[in-house]
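Report on the structure given below.
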Amino acid sequence: MKFLRKIFLGDLWDGLKVTFRSQAPKYIYTEQYPAERPAVSERFRGAPRLNINPENGETLCISCDLCAIACPENLIKVGSVRNPETRRKDLVTFTYDLSRCMFCGLCEDACPVDALELTQDFELAGYSRDGAIWDRQMLEEGPHPQKYQ
Amino acid sequence: MSETFLDANELVINMGPQHPSTHGVLRVILKLDGERVLDSDCVIGYLHRGVEKIAENRTYTMFAPYVDRMDYLSAVSNGLGYCLTVEKLLNVEAPPRAQAVRVILVELNRIASHLFWLGTHALDIGAMAPLFYTLREREEVLKIFENYCGARITTHAFRIGGLYYELYEGFEAEVNAFCDMFGARVDEYEQLLTENRIWVDRLKGVGILNAAQCKDLGVTGPLLRAAGVKWDLRKAQPYSGYEQYDFDIPTRVNGDSYDRYMVRIAEMRESLKIIRQAVAKIPAGPAMAKVPKVIKPPAGEAYVSIEAPKGELGYFMVSDGTIHPYRVHVRPPSFVNLQALKPMARGALVADVVAIIGTIDIVLGEVDR
């Protein structure tokens, strides 16, 4: 039996069976990426976003600087001035250097008011390193990836 | 080595660092006599990022994402080793729920790592089809990771003291579906490779490393088990609740490349067994132990080693009582196992060197750190 198997290339036919079985359309896993964008999971850690209050359009950020302290790469810079009337810090600038970000999610964990959030946007490629440094406006609006048809 | 040209038949060539079969940026200086390898030397360090030094400038929480980037094929195992070490320094233990979830994710990661090894190793040998099938199944594991913690490769899944992410809706069902599907898929890989005459001819008797050599070099993991030593840290020094699960340590006798393939295939099946048992009884309760917000372990040192997919992964950490670790040393399995290349490659053919490098299962991110 073993001899016959060897003569008639039994081991190779076995392998070919697996290959042909996998031709079935239900095994097609290729994603048609630019045409169909994949749905990433709910907890996906992608582009950062600075949330604004939908009611009055003001930022949720309280300039507490905790995200900047938590960041291992030290890439968040929060600029704020103290408002003499409310005796609170008002956010002025917020820069996030996406070129060094490793999407660990520690800034998101540290934020006490859910202002900074890593969203499901994953198309972050750009032509220059400067473009990867996001200012406050960019963080609030989010990226606008080009959609090719 | 280059000055010992004894006669004109000897030739010194560089294999790598851009050679695709070196799995990254490994450079091997081969001294050849025709097709035979007389001697080999590894040149490493092309991917050195100074991870151990980075640790000294980061707090304990901050350093956790960096360990994922050492062995990026089994980032979850790296994270577990790191978290266990800091927990030992802090003298806390993760609650049972966290331990069970950690075991599930680490074993899934072991399967993913072995799958990637199997695919690329088969590709090195010349079998292209297994790569597509193994990556197809690996994708299922990565989807579970993405749903659980939001990242696929560099997961940062665990935090010191337990879990940050709660299990999502349908986690158990997804893992069970993977377990049900995967057993048959391993049979498919075996059908493709185990008896395939080219596969057998290329691997049987290639790169023999016996048990004594393994112990001398400190080689661990599937290489050691393929040489017949029944040594697995999950059984020898159980961590994270491994003592509750019933599984075997697969071993083989010859210690050649083919046996390592068989051991890894069997390990995937054993991992499946562990995952099934762990998913069936994830205990309720808190997922995070009581850990202070600013982690400041008392002065002291700790060494914890776990059984990563590639062998013994150890972390040695010294704390001086501040928020930064005083020193972090990593004992990566790939780095230690890579030493076995020299005795294994001696006398082999050039084409076998590719098979031998593949069979060690190195990740250069971990070798160079």
Side-chain angles (χ1 to χ4, degrees), chain A residues 1-3 5-24 26-31 38-48 66-76 100-112 117-122, chain B residues 54-55 57-69 79 122 127-130 132-133 135-140 142-157 159 164-166 168-169 184-185 187-200 293-294 323:
Chain A
M1 189 63 203
K2 216 172 176 185
F3 177 71
R5 216 177 127 76
K6 191 148 197 184
I7 294 285
F8 291 108
L9 306 170
D11 49 336
L12 297 183
W13 288 115
D14 272 355
L16 279 178
K17 238 192 282 172
V18 174
T19 314
F20 280 113
R21 215 184 304 141
S22 300
Q23 305 296 315
K26 67 172 178 177
Y27 288 131
I28 294 176
Y29 283 79
T30 316
E31 283 178 3
V40 293
S41 78
E42 208 176 304
R43 296 177 181 177
F44 186 81
R45 303 196 295 257
L66 281 179
C67 50
I69 294 167
C71 180
E73 284 290 332
N74 202 9
L75 52 83
I76 301 174
R100 273 158 54 207
C101 180
M102 55 181 173
F103 304 101
C104 62
L106 283 175
C107 53
E108 196 184 23
D109 299 0
C111 187
E117 192 183 327
L118 295 182
T119 60
Q120 286 156 315
D121 296 317
F122 55 88
Chain B
I54 288 174
N57 303 314
R58 300 285 186 277
T59 64
Y60 288 90
T61 323
M62 275 183 190
F63 185 60
Y66 288 90
V67 295
D68 292 352
R69 279 141 182 93
M128 198 151 197
F132 302 123
Y133 304 145
L135 289 191
R136 182 181 69 194
E137 270 74 78
R138 182 171 174 262
E139 186 68 24
E140 300 297 317
L142 297 187
K143 265 182 203 154
I144 295 174
F145 287 164
E146 186 185 326
N147 286 336
Y148 173 69
C149 63
R152 291 152 52 89
I153 310 282
T154 48
T155 48
H156 195 201
R159 299 294 194 275
Y164 175 72
Y165 300 102
E166 222 355 279
Y168 60 93
E169 195 104 343
R185 297 290 167 84
D187 295 340
E188 278 190 4
Y189 311 142
E190 287 226 71
Q191 218 175 339
L192 278 169
L193 295 171
T194 306
E195 282 181 31
N196 186 303
R197 57 191 65 191
I198 306 168
W199 182 254
V200 174
K293 222 169 184 162
V294 177
I323 56 170

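Nothing here was measured: the structure is a model prediction, and the numbers come from that model. Side chains included, hydrogens not; waters and symmetry mates left out as well; all remaining heavy atoms used.
Among A/Gly46, A/Ser22, A/Cys71, A/Gly105, the residue with the largest count of heavy-atom pairs under 4.5 Å with chain B is A/Ser22. Comparing B/Lys143, B/Glu166, B/Glu139 by heavy-atom pairs within less than 4.5 Å of chain A, the highest count is held by B/Glu166. By number of non-hydrogen pairs under 4.5 angstrom with chain A, the leading residue of B/Arg197, B/Arg69, B/Glu195 is B/Arg197.
Only one option out of B/Glu137, B/Glu190, B/Glu140 pairs with B/Arg185 in a salt bridge (Lys or Arg N to Asp or Glu O under 4.0 Å); it is B/Glu137.
Not counting sequence neighbours, A/Arg43 has no partner by the salt bridge (charged side-chain N to carboxylate O under 4.0 Å, His left out) test. For B/Phe132, the ring pair (Phe, Tyr, Trp, His ring centres under 6.0 Å) test picks out no residue, with sequence neighbours left out.
Contact annotation for B/Thr154: only backbone heavy atoms (N, CA, C, O) come within less than 4.5 Å of a heavy atom of chain A. Within the 4.5 angstrom heavy-atom criterion, no atom of A/Asn74 approaches chain B. The part of B/Arg58 that comes within reach of chain A is its side chain, from C-beta onward, which places non-hydrogen atoms under 4.5 angstrom from that chain. The parts of A/Leu9 that come within reach of chain B are both its backbone and its side chain, each placing non-hydrogen atoms under 4.5 angstrom from that chain. Proximity to chain A (any heavy atom under 4.5 Å) is shown, for B/Arg152, by neither the backbone nor the side chain. When heavy atoms are compared at a cutoff of 4.5 Å, B/Phe63 does not approach chain A at all. In this structure, chain B has heavy atoms under 4.5 Å from both the backbone and the side chain of A/Glu73. Proximity to chain A (any heavy atom under 4.5 Å) is shown, for B/Thr194, by neither the backbone nor the side chain.
B/Tyr164 carries B/Arg159 over the face of its six-membered ring, with the cationic atom under 6.0 Å from the centre and within 45° of the normal.
Environment of CD in A/Glu42: sparse, with no more than 12 heavy atoms of neighbouring residues, nucleotides or ligands closer than 6.0 Å.
Looking only at side-chain heavy atoms (C-beta outward), A/Thr19 and B/Tyr133 come within less than 4.5 Å of each other.
Proximity of a side-chain donor or acceptor of B/Asp68 to a complementary backbone N or O of B/His156 within less than 3.5 Å is detected. Of the possible donor and acceptor atoms, one in the side chain of B/Glu146 sits under 3.5 Å from a partner among the backbone N and O of A/Ser41.
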